[in-house]
K.L.:
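Handing you a structure now.
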Amino acid sequence: MKRPWQGQVEKPSEENIPRHDLTNPLCPGALRAGGEINPDYEGTFLFENDFPALQPDAPDPGPSEHPLLQAKSARGVCQVMCFHPWSDVTLPLMSSPEVRAVIDKLTEIMKDLGATYPWVQIFENKGAMMGCSNPHPHCQIWASNFLPNEAQIEDRTQRAYLREHGIPMLVEYGRLEEERKERLVLANEHWLVLVPYWAVWPFQTLLLPRRHVTRLQDLTNEERDSLVSIMKRLLCKYDNMFEISFPYSMGWHGAPTGCHLSEDCSHWQLHAHYFPPLLRSATVRKFMVGYEMLGQAQRDLTAEQAAERLRNIPEEHYKLRDQGPSSVK
């Protein structure tokens, strides 16, 4: 953190984004790459990704000739969901009812796709620094006929922990962190936000329900409302850290679906991961290179230091401070 930096400096997030631009394929009324014209939507908007990484009819590669060269068909669907019709807002600047509508729609998608596919991955890449190709507020949903690597690891480790200790791993972990408080960032009646003990990304956080919940669609109305509140609080803190639209990749993990719906998945606990790249400033990010690629990831600051910094950041968004209480949504 203290060494002189003469390496790559990132371009800060663009602040003056047009609210509506018909050349932006995610805007209402805009023409997309596949020839479809978006409806004049006023809330959320879901559509099939025009450049899908997964196809429902992907061909079978056939038998492999060697044990080192194994391949199987990866089938699925890829969707995009716009959060809001305006391009110049993000989740922390949306109203609570608007964010609740996003959560409700994602829950509906998870339930619908989960009826068929074993894994439904909801994720948001925010900011060009995290590979986002469009500033319009949106997320992606990839549903696959297999469990991806990270899902397999989480399934295996949570199953083993429950078998050995008699309690779901992340249920016990959430209670432990709430008792110790040194890595706790935010809490409300139904949710915890903490910097995980194993964090390697700067200001990485884990969002956990207090109750044992295995899937997003199992949340109660009250838990969804509390989720809206704690997400907005966390994302305001992120934006306020360097007074920019804070980049990150985030995603939800819960118990597998599809053919796993009839199985005992009580070892799972629903959770969301946030992975922000910024380290020292709005323009200097963490690089996972060298030893971190070949040996293991290194921490630039401890989980406890990151949590303390996040705790001390105001929750009122920097863009709203001078606008008066009537402007705060």
Side-chain angles (χ1 to χ4, degrees), residues 23-39 41 43-84 102-128 130-156 214-217 248-263 265 268 270 272-273 275:
T23 66
N24 183 332
L26 298 189
C27 280
L31 176 68
R32 299 205 315 274
E36 297 284 334
I37 296 177
N38 296 334
Y41 64 92
T44 61
F45 171 49
L46 178 71
F47 62 94
E48 299 298 316
N49 196 318
D50 295 315
F51 303 95
L54 294 165
Q55 301 275 5
D57 55 354
D60 193 319
S64 172
E65 298 177 0
H66 196 282
L68 294 178
L69 305 174
Q70 295 292 313
K72 291 184 179 180
S73 177
R75 298 189 176 98
V77 295
C78 295
Q79 298 178 337
V80 176
M81 192 186 88
C82 296
F83 298 154
H84 197 281
V102 170
I103 291 168
D104 287 345
K105 187 62 178 179
L106 289 175
T107 302
E108 177 187 320
I109 295 166
M110 177 68 76
K111 187 175 181 179
D112 290 347
L113 292 178
T116 302
Y117 291 100
W119 190 254
V120 181
Q121 183 60 67
I122 297 168
F123 65 96
E124 179 192 4
N125 293 328
K126 181 171 177 256
M130 297 308 286
C132 183
S133 60
N134 192 310
H136 194 93
H138 71 284
C139 70
Q140 297 188 54
I141 305 99
W142 292 17
S144 61
N145 68 336
F146 61 94
L147 297 189
N149 293 349
E150 293 298 318
Q152 288 187 45
I153 293 169
E154 289 198 5
D155 186 66
R156 184 176 66 249
T214 58
R215 298 182 178 95
L216 196 63
Q217 53 266 44
Y248 58 74
S249 282
M250 72 80 61
W252 285 95
H253 281 172
T257 50
C259 59
H260 303 281
L261 287 170
S262 58
E263 299 175 359
C265 291
W268 272 88
L270 175 70
H273 297 280
F275 301 112

K.L.:
Would you please name every residue forming a side-chain contact (heavy atoms from CB on, under 4.5 Å) with Ala53, sequence neighbours left out?
P.N.:
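Checked Ala53 against side-chain contact (heavy atoms from CB on, under 4.5 Å); matches are Cys78, Trp142.
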
K.L.:
Should the heavy atoms of other residues, nucleotides or ligands under 6.0 Å from CD of Glu150 be counted, would the total exceed 12?
P.N.:
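No, the 6.0 Å shell around CD holds no more than 12 heavy atoms from other groups.
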
K.L.:
For Gly76, does its backbone N or O pair with a side-chain atom of Ser144 as donor and acceptor, under 3.5 Å?
P.N.:
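No; zero donor-acceptor contacts below 3.5 Å.
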
K.L.:
Gly254 and Trp119: which non-hydrogen atoms are nearest, and at how many Å?
P.N.:
O-CZ3, 3.2 Å

K.L.:
Return the set of residues passing salt bridge (charged side-chain N to carboxylate O under 4.0 Å, His left out) with Asp50 (not counting sequence neighbours), or none when no residue passes.
P.N.:
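With sequence neighbours excluded, Asp50 shows a salt bridge (charged side-chain N to carboxylate O under 4.0 Å, His left out) to Arg32, given in chain and number order.
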
K.L.:
Sort and list the pairs that fulfil salt bridge (charged side-chain N to carboxylate O under 4.0 Å, His left out) and have at least one residue in residues 52-73, not counting sequence neighbours.
P.N.:
none

K.L.:
Once rounded to the nearest 0.5 Å, what's the spacing between atom CG of Leu54 and atom CD of Gln121?
P.N.:
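Going from the CG atom of Leu54 to the CD atom of Gln121 covers 11.5 Å.
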
K.L.:
Report the distance from atom NE2 of His260 to atom CG of Asp155, rounding to the nearest 0.5 Å.
P.N.:
7.5 Å

K.L.:
Which residues satisfy the side-chain contact (heavy atoms from CB on, under 4.5 Å) test with Glu154, sequence neighbours excluded?
P.N.:
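If we apply the side-chain contact (heavy atoms from CB on, under 4.5 Å) test to Glu154, skipping adjacent residues, the hits are Gln158, His253, Trp268, His271, His273.
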
K.L.:
Once side chain to side chain donor-acceptor pair (under 3.5 Å) is applied, do any residues pair with Gln55, and if so which ones, sequence neighbours excluded?
P.N.:
none

K.L.:
Stepwise, does the side-chain contact (heavy atoms from CB on, under 4.5 Å) test hold for Ser249 with Phe123?
P.N.:
CA-CA 7 Å; Ser249 282; Phe123 65 96; over 6 Å; no

K.L.:
Would you confirm whether Asn24, through its side chain, and Ala30, through its main-chain N or O, come within 3.5 Å as a donor-acceptor pair?
P.N.:
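Here the side-chain-to-backbone pair does not exist.
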
K.L.:
Working to the nearest 0.5 angstrom, can you tell me the gap between Ile103 CD1 and Trp252 CH2?
P.N.:
7.0 Å

K.L.:
Check for a donor-acceptor pair, side chain of Arg215 on one end and backbone N or O of Pro256 on the other, with a separation under 3.5 Å.
P.N.:
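Present.
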
K.L.:
Identify, with sequence neighbours excluded, every residue that meets salt bridge (charged side-chain N to carboxylate O under 4.0 Å, His left out) alongside Lys111.
P.N.:
none

K.L.:
To the nearest 0.5 Å, what is the distance between CZ (Phe83) and CG (Leu106)?
P.N.:
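Reported to 0.5 Å precision, the distance equals 6.5 Å.
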
K.L.:
Can you sort out the partners of Thr214 under side chain to side chain donor-acceptor pair (under 3.5 Å), two or more places apart, ordered by chain and number?
P.N.:
Asp218

K.L.:
Mind checking side-chain contact (heavy atoms from CB on, under 4.5 Å) for Thr44 and listing every partner two or more places apart, or none if nothing turns up?
P.N.:
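So Thr44 forms a side-chain contact (heavy atoms from CB on, under 4.5 Å) with Met81, Val102, Lys105.
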
K.L.:
Residues in side-chain contact (heavy atoms from CB on, under 4.5 Å) with Cys132, at least two apart?
P.N.:
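Cys132 satisfies side-chain contact (heavy atoms from CB on, under 4.5 Å) with Asn125, His138 only.
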
K.L.:
What residues, two or more places apart in sequence or in another chain, satisfy ring pair (Phe, Tyr, Trp, His ring centres under 6.0 Å) together with Tyr117?
P.N.:
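With sequence neighbours excluded, Tyr117 shows a ring pair (Phe, Tyr, Trp, His ring centres under 6.0 Å) to no residue whatsoever.
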
K.L.:
List the atom of Ser73, the atom of Pro61, and the distance in Å for their closest heavy-atom pair.
P.N.:
N-CD, 3.5 Å

K.L.:
How long is the span from the CZ atom in Phe45 to the NE2 atom in His84, to the nearest 0.5 Å?
P.N.:
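Reported to 0.5 Å precision, the distance equals 15.5 Å.
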
K.L.:
Between His136 and Cys27, what is the shortest heavy-atom contact and its length?
P.N.:
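For His136 versus Cys27, the nearest heavy atoms are ND1-SG, 4.0 Å.
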
K.L.:
Quick test of your reading: applying salt bridge (charged side-chain N to carboxylate O under 4.0 Å, His left out), list the pairs with at least one residue in residues 112-128, sequence neighbours left out, ordered by first then second residue.
P.N.:
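Counting only pairs at least two positions apart or across chains, the salt bridge (charged side-chain N to carboxylate O under 4.0 Å, His left out) contacts touching residues 112-128 are Lys126-Asp239.
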
K.L.:
Could you give me the CA-CA distance, side-chain angles and deciding distance for Val120 and Leu216, then say whether side-chain contact (heavy atoms from CB on, under 4.5 Å) is met?
P.N.:
CA-CA 11 Å; Val120 181; Leu216 196 63; over 6 Å; no

K.L.:
Which residues pass the side chain to side chain donor-acceptor pair (under 3.5 Å) test with Ser262, sequence neighbours left out?
P.N.:
none

K.L.:
Provide the closest heavy-atom pair for Ala115 versus Leu261 in the form atom of the first, atom of the second, distance.
P.N.:
CA-CD1, 4.3 Å

K.L.:
Please report the interatomic distance CZ(Phe47) to CD(Gln79), rounded to the nearest 0.5 Å.
P.N.:
10.0 Å

